[in-house]
Amino acid sequence: MASTPPSRRSFLALSGLTALSVSLAVACGGGDSGDKSAADGKVTFAWWNIATTEPGKSLFPQISSAFTAAHPDITIKTTSLENEAFKSKLTATTSSGKLPDVFQTWGGGVLQQQVDAGLVEDLTDAFGWSSDLTPVSLQAYQFGGRTYGVPYDIGMVGFWYNKKLFAKAGITAPPATWAELLEDVKKLKAAGVTPIALAGKEKWPGHYYWAYLAMRVAGLPALQKAATTKDFTGAGFVQAGTRLKELVDLQPFQRAFLGAGYSTPGGQAATMGNGKAAMELMGQWGPSVQKDAGADLGADLGFFPFPTVDGGVGRATEVFGGGGGFALRKGAPKEALDFLKFFVLENESKLLASNGFLPVVKGAESQLTDANRKLVADSLVKATGFQLFLDQAYPPAVGQEVNDSVADLIAGKKTPEQVTKSITEAAKGA
């Protein structure tokens with residue numbers, strides 16, 4: 001997964017939607033799907049999102065209410081689910097062949113499977129305002145030159161760290177290499193500080209480590225090639241696991257981390273926000289969830305990119321991450337896309353001001369005021385390569401195996417070689 005929220009800004013009035021009028025208004029199923037009545041002109045559509053933590057928890061309903069207030073004939077039925085619960089429900093819904101009208105997506109292989117099954121609306125011809133959005137934010141939702149999703153957030157995973165705890169351990173600058181990171185972990189432990197917070201119960205945060213290490217050791221082309229050949233047994237992937245095991249062997253995580261959730265009380269974000277761990281590897285939404293689940297570290301919070309690995313071919317400017325977006329089920333009411341345009345373009349400033357999201361609208365980065373978020377946005381602008389979350393980039397079964405196998409490695413149940421073998425088997429069977 002990964003995670004949370006968005007960005008946008010204000011532009012033109014609603015236009016360019018006529019092409020959708022026919023294709024999107026055709027079918028409106030019952031159940032979780034919207035129902036459009038041609039007789040009275042009233043429209044109802046379902047919207048599934050993952051806004052269960054702030055700022056989205058408050059912001060998303062505000063935006064929805066503002067839209068329906070301006071369009072009294074439209075009703076939006078909202079379902080907000082925690083990340084993992086959302087994925088489980090959407091998987092079950094996809095299997096039944098019924099998707100909600102508007103639903104959260106991270107793009108990649110998961111969305112592509114839904115597209116291939118004929119369940120998702122092709123937005124290309126009706127999405128005239130896509131030119132207002134940054135190319136990198138659209139990338140995960142595009143297949144074969146067609147666009148199937150509207151981004152509202154884009155960002156990258158990196159280390160959020162507590163400057164005060166680093167100073168306590170005598171660390172004067174963030175680590176630039178993996179070897180330096182391991183040394184810093186040792187220094188933090190020696191100073192009586194828990195080095196890293198990890199939600200071991202939720203497997204997606206752990207996969208960030210293996211994915212980034214694979215990028216740094218084997219390189220982005222290797223990950224892209226493996227997706228095609230369905231072979232993850234190469235030396236670079238095994239070494240990624242070996243490097244991760246080096247970290248795990250130092251016992252860097254908080255007590256009882258294997259049973260810890262991400263945004264739950266006492267979980268990863270709370271441990272970080274409450275100053276009980278020095279680092280967490282997390283996406284751009286990290287600080288807002290820290291604040292929501294624990295406390296706001298304020299000026300003590302810093303950010304640094306994932307370190308390079310000595311001898312590896314990957315560069316520090318190659319980033320791993322993704323954002324949040326929404327897709328429409330095949331045949332969703334055209335008003336659903338009107339809503340997304342309002343959400344993304346008309347509310348960019350509100351989303352950015354909430355400090356929970358990063359810009360998808362061109363030029364909106366100038367609105368950022370928080371130093372760390374500016375740093376993340378700047379890293380994205382300067383990125384020389386981009387890799388989507390592996391549990392979204394690959395088909396669902398493969399992404400799940402990445403999460404499961406890496407979790408087993410962290411728990412000491414699998415070797416680096418077994419991890420690559422399991423992922424390869426899942427890929428060949430997908």
Side-chain angles (χ1 to χ4, degrees), residues 4-21 23-25 28-29 32-38 40-81 86 99-105 120-121 123 126-130 132-133 137-138 141 147-154 323-329 331-354 356-361 364 367:
T4 293
S7 57
R8 312 69 231 152
R9 185 209 197 162
S10 204
F11 275 87
L12 353 93
L14 297 173
S15 62
L17 294 170
T18 48
L20 261 199
S21 307
S23 64
L24 288 188
C28 304
D32 281 313
S33 294
D35 221 2
K36 178 168 182 179
S37 169
D40 58 12
K42 293 187 183 300
V43 177
T44 298
F45 63 81
W47 176 35
W48 287 16
N49 60 54
I50 57 165
T52 59
T53 60
E54 296 298 353
K57 185 177 180 180
S58 298
L59 246 189
F60 282 28
Q62 289 172 17
I63 294 173
S64 173
S65 296
F67 182 77
T68 53
H71 303 85
D73 287 338
I74 298 176
T75 300
I76 301 176
K77 290 183 178 178
T78 305
T79 299
S80 297
L81 295 166
F86 168 83
L99 288 174
D101 299 292
V102 184
F103 60 95
Q104 168 79 29
T105 178
V120 181
E121 192 66 49
L123 304 179
F127 193 4
W129 45 281
S130 64
D132 293 325
L133 309 184
S137 71
L138 287 161
Y141 314 99
T147 302
Y148 297 90
V150 177
Y152 64 83
D153 183 32
I154 183 63
F326 292 113
L328 305 185
R329 71 168 177 85
K334 74 176 183 64
E335 288 80 3
L337 188 61
D338 294 8
F339 170 61
L340 294 185
K341 183 170 188 177
F342 176 78
F343 191 103
V344 175
L345 293 187
E346 301 302 320
N347 286 278
E348 176 77 314
S349 295
K350 280 187 181 178
L351 289 159
L352 295 185
S354 75
F357 313 102
L358 283 176
V360 296
V361 176
Q367 297 180 37

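If you're wondering where the values come from, they're calculated on a predicted model, not measured in any experiment.
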Would you mind reporting whether Leu59 and Leu351 have side-chain heavy atoms less than 4.5 Å apart? yes

Which pair of heavy atoms, one from Pro72 and one from Ala69, lies closest together, and at what distance? CD-O, 3.9 Å

Ser65 side chain vs Gln62 backbone, donor-acceptor pair below 3.5 Å: no

Smallest heavy-atom separation, Ser349 atom then Gln367 atom, equals OG-OE1, 3.0 Å

Are any non-hydrogen side-chain atoms of Pro100 and Thr79 less than 4.5 angstrom apart? no

Do Pro333 and Asp101 touch side chain to side chain, with heavy atoms closer than 4.5 Å? yes

Side-chain donor/acceptor of Tyr148 to backbone N/O of Leu123, under 3.5 Å: no

Listed by chain and number, what are the side chain to side chain donor-acceptor pair (under 3.5 Å) partners of Ser80, not counting sequence neighbours? Asn49

Minimal non-hydrogen separation, Ala364 against Leu352, with atom names: O-CD1, 3.4 Å

Work out which heavy atom in Gly356 is nearest to a heavy atom in Pro55; give both atom names and the distance. CA-CG, 3.7 Å

I'd like to check the side chain to side chain donor-acceptor pair (under 3.5 Å) partners of Thr147; sequence neighbours left out, ordered by chain and number. Gln142

Lys77/Phe45 under side chain to side chain contact (heavy atoms under 4.5 Å, CB included): CA gap, chis, key distance, verdict: CA-CA 6 Å; Lys77 290 183 178 178; Phe45 63 81; over 6 Å; no

Which pair of non-hydrogen atoms, one from Pro151 and one from Tyr141, has the smallest distance, and what is that distance? CB-CE1, 3.7 Å

Please list, chain by chain and in numerical order, all residues satisfying ring-ring contact (aromatic ring centres under 6.0 Å, His included) with Phe326, sequence neighbours excluded. Trp47, Tyr152, Phe343

Residues at least two apart in sequence or cross-chain that pass side-chain contact (heavy atoms from CB on, under 4.5 Å) with Ala327, listed by chain then number, are Phe103, Thr105, Leu111, Val120

I need the full list of salt bridge (Lys or Arg N to Asp or Glu O under 4.0 Å) pairs touching residues 61-76, with sequence neighbours left out, sorted by first then second residue. Lys42-Asp73

Could you give the distance from CZ (Phe67) to CZ (Phe342), rounded to the nearest 0.5 Å? 7.5 Å

Measuring from Glu335:CD to Leu340:CG, what's the distance to the nearest 0.5 Å? 12.0 Å

Could you work out, with side chain to side chain donor-acceptor pair (under 3.5 Å) as the rule, every residue matching Ser58, not counting sequence neighbours? Glu54

Within the side chain of Ser64, is there an N or O that forms a donor-acceptor pair under 3.5 Å with the backbone of Phe60? no

Counting distance only, does the side-chain N/O of Glu121 pair as donor-acceptor with the main-chain N or O of Leu328 below 3.5 Å? no

Test side chain to side chain contact (heavy atoms under 4.5 Å, CB included) applied to Trp48 and Gln104, step by step: CA-CA 6 Å; Trp48 287 16; Gln104 168 79 29; 5.9 Å; no

Stepwise side chain to side chain contact (heavy atoms under 4.5 Å, CB included) test for Phe127 and Leu138: CA-CA 11 Å; Phe127 193 4; Leu138 287 161; 3.8 Å; yes

Are Leu337 and Val150 side-chain neighbours, meaning at least one heavy-atom pair lies under 4.5 Å? yes

Apply side chain to side chain contact (heavy atoms under 4.5 Å, CB included) to the pair Phe339 and Ile74, showing each step before the final yes or no. CA-CA 10 Å; Phe339 170 61; Ile74 298 176; over 6 Å; no

If you take all heavy atoms of Pro359 and Ile154, which pair is closest and at what distance? O-CG2, 3.1 Å

